[in-house]
Structures are given as C-alpha cells and as structure tokens.
Amino acid sequence: QVQLVESGGGLVQAGGSLRLSCAVSGGTFSWYRMGWSRQAPGKEREFVARILWSSGTTGYADSVRGRFTISRDRAKNTVYLQMNTLEPEDTAVYYCAAATGPRRTGEYDYWGQGSQVTVSS
C-alpha cells in the first residue's frame with residue numbers, strides 16, 4: 001500500500017523559512033511526477049509546485065515562484081519543499097502527492113495526509 005508521509009510544517013513569522021518533507025513508501029512502480037498543493041481555509045486546493053521524478057524538471061505556481069524550491073532524493077524516495085520569505089498568504093495545509101503517469105496540473109494518484117503551515121504577520 002502506498003503511503004505519503006509529510007513532516008516539517010509549523011508556525012513561522014512572516015519572512016521566515018520552513019522545509020517540508022514527504023517520504024513515500026509502498027508501491028512497485030516508478031513515479032512519474034510528485035508535487036505539492038495547498039488548501040487555505042475557505043478556499044479550494046491549489047497547485048504549488050511539481051517535479052518530474054526522472055529528470056528533476058520543476059514547475060511552480062506564480063504565487064510561489066522565486067520563493068519556494070521543490071527537490072527530490074530518489075534514493076530516499078523523498079520529495080522536499082523549501083519555503084523561503086514566507087507570507088501570511090502562504091498559510092494553508094500543504095499536501096504532498098504522487099502520480100504514476102502524465103496527469104493534468106494538480107492531478108495525482110496518491111495524496112499525503114497534509115501538513116499545517118501557519119505564517120504570522
């Protein structure tokens with residue numbers, strides 16, 4: 001059974017940094033893409049960043065480009081989201097996700113349980 005376990009969320013002041021980690025276990029297939037999405041209170045879940053598992057090619061939402069960096073460690077089956085210069089608008093539950101093949105932006109086959117990130121002003 002595939003499991004995605006996130007860690008690293010918490011409370012930080014505006015301008016600070018956090019790093020989220022997502023460890024993937026289970027499954028006998030190779031991943032095509034992994035990514036992060038977030039959902040703020042009262043809002044729909046939105047795409048944040050994604051990385052192609054094989055090539056490492058990345059993509060970002062306009063709202064986080066230049067501040068957030070997604071990376072992966074294939075040996076550890078782990079994906080990271082380094083978040084710098086955080087803003088109160090970044091407050092949300094952040095979800096890690098994995099896809100086994102090409103999908104539309106934000107669409108994945110497996111999801112983590114979510115990690116709360118709160119940025120105080």
Side-chain angles (χ1 to χ4, degrees):
Q1 183 174 346
V2 176
Q3 284 190 313
L4 283 70
V5 179
E6 297 123 336
S7 60
L11 173 65
V12 65
Q13 288 188 332
S17 298
L18 282 174
R19 188 173 86 152
L20 301 178
S21 299
C22 175
V24 185
S25 62
T28 58
F29 34 74
S30 298
W31 299 111
Y32 175 77
R33 184 183 76 202
M34 296 190 71
W36 294 90
S37 295
R38 67 187 182 187
Q39 187 167 20
K43 295 186 178 181
E44 293 189 352
R45 188 165 58 193
E46 63 175 359
F47 161 75
V48 174
R50 57 90 173 153
I51 186 166
L52 298 184
W53 196 248
S54 178
S55 68
T57 302
T58 59
Y60 298 92
D62 289 342
S63 58
V64 307
R65 186 175 292 111
R67 300 188 297 122
F68 290 11
T69 302
I70 188 171
S71 61
R72 91 274 191 246
D73 185 329
R74 291 198 289 176
K76 295 182 178 180
N77 255 8
T78 300
V79 64
Y80 305 96
L81 186 67
Q82 177 66 44
M83 304 182 291
N84 298 329
T85 320
L86 282 160
E87 304 168 352
E89 294 73 22
D90 295 316
T91 295
V93 177
Y94 283 72
Y95 296 92
C96 171
T100 57
R103 304 283 185 271
R104 294 178 182 175
T105 297
E107 290 188 352
Y108 292 88
D109 302 305
Y110 300 94
W111 291 86
Q113 80 285 357
S115 182
Q116 178 68 48
V117 171
T118 303
V119 184
S120 63
S121 57

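Predicted, not measured: the structure shown is a model, and the values here were computed from it.
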Legend entry - Smallest separation among heavy atoms of Thr91 and Ala40, with atom names: O-CB, 3.6 Å
Inset, instruction - Could you point out which residue of Leu11, Leu81, Val12, Asn84 forms a side-chain contact (heavy atoms from CB on, under 4.5 Å) with Leu18? - result: Val12
Legend entry - N/O donor-acceptor pair under 3.5 Å between Thr78 side chain and Lys76 backbone: yes
Inset, instruction - For Tyr60 and Arg65, work out which heavy atoms get closest and say how close. - result: O-NH2, 2.6 Å
Legend entry - Nearest-0.5 Å distance, SG of residue Cys22 to CD of residue Gln3: 11.0 Å
Inset, instruction - Locate the shortest heavy-atom distance separating Arg72 from Gly56; write the atom from each residue and the value. - result: NH2-N, 3.6 Å
Legend entry - Minimum heavy-atom distance Ser17-Gln82, with the two atoms named: CB-NE2, 4.0 Å
Inset, instruction - Would you please indicate yes or no on a ring centroid separation below 6.0 angstrom for Tyr110 and Trp31? - result: yes
Inset, instruction - State whether Tyr108 and Arg103 meet the cation-pi test: NZ (Lys) or CZ (Arg) under 6.0 Å from the six-membered ring centroid, and within 45° of the perpendicular axis. - result: no
Legend entry - Minimal non-hydrogen separation, Gly114 against Val93, with atom names: CA-CG1, 3.8 Å
Inset, instruction - Hey, could you give me the CZ/CZ distance between Arg38 and Phe47, rounded to the nearest 0.5 Å? - result: 11.0 Å
Legend entry - OG-CG distance between Ser115 and Leu20, expressed to the nearest 0.5 angstrom: 5.5 Å
Legend entry - Heavy-atom pair of closest approach, residues Ser37 and Arg45: CB-CG, 3.8 Å
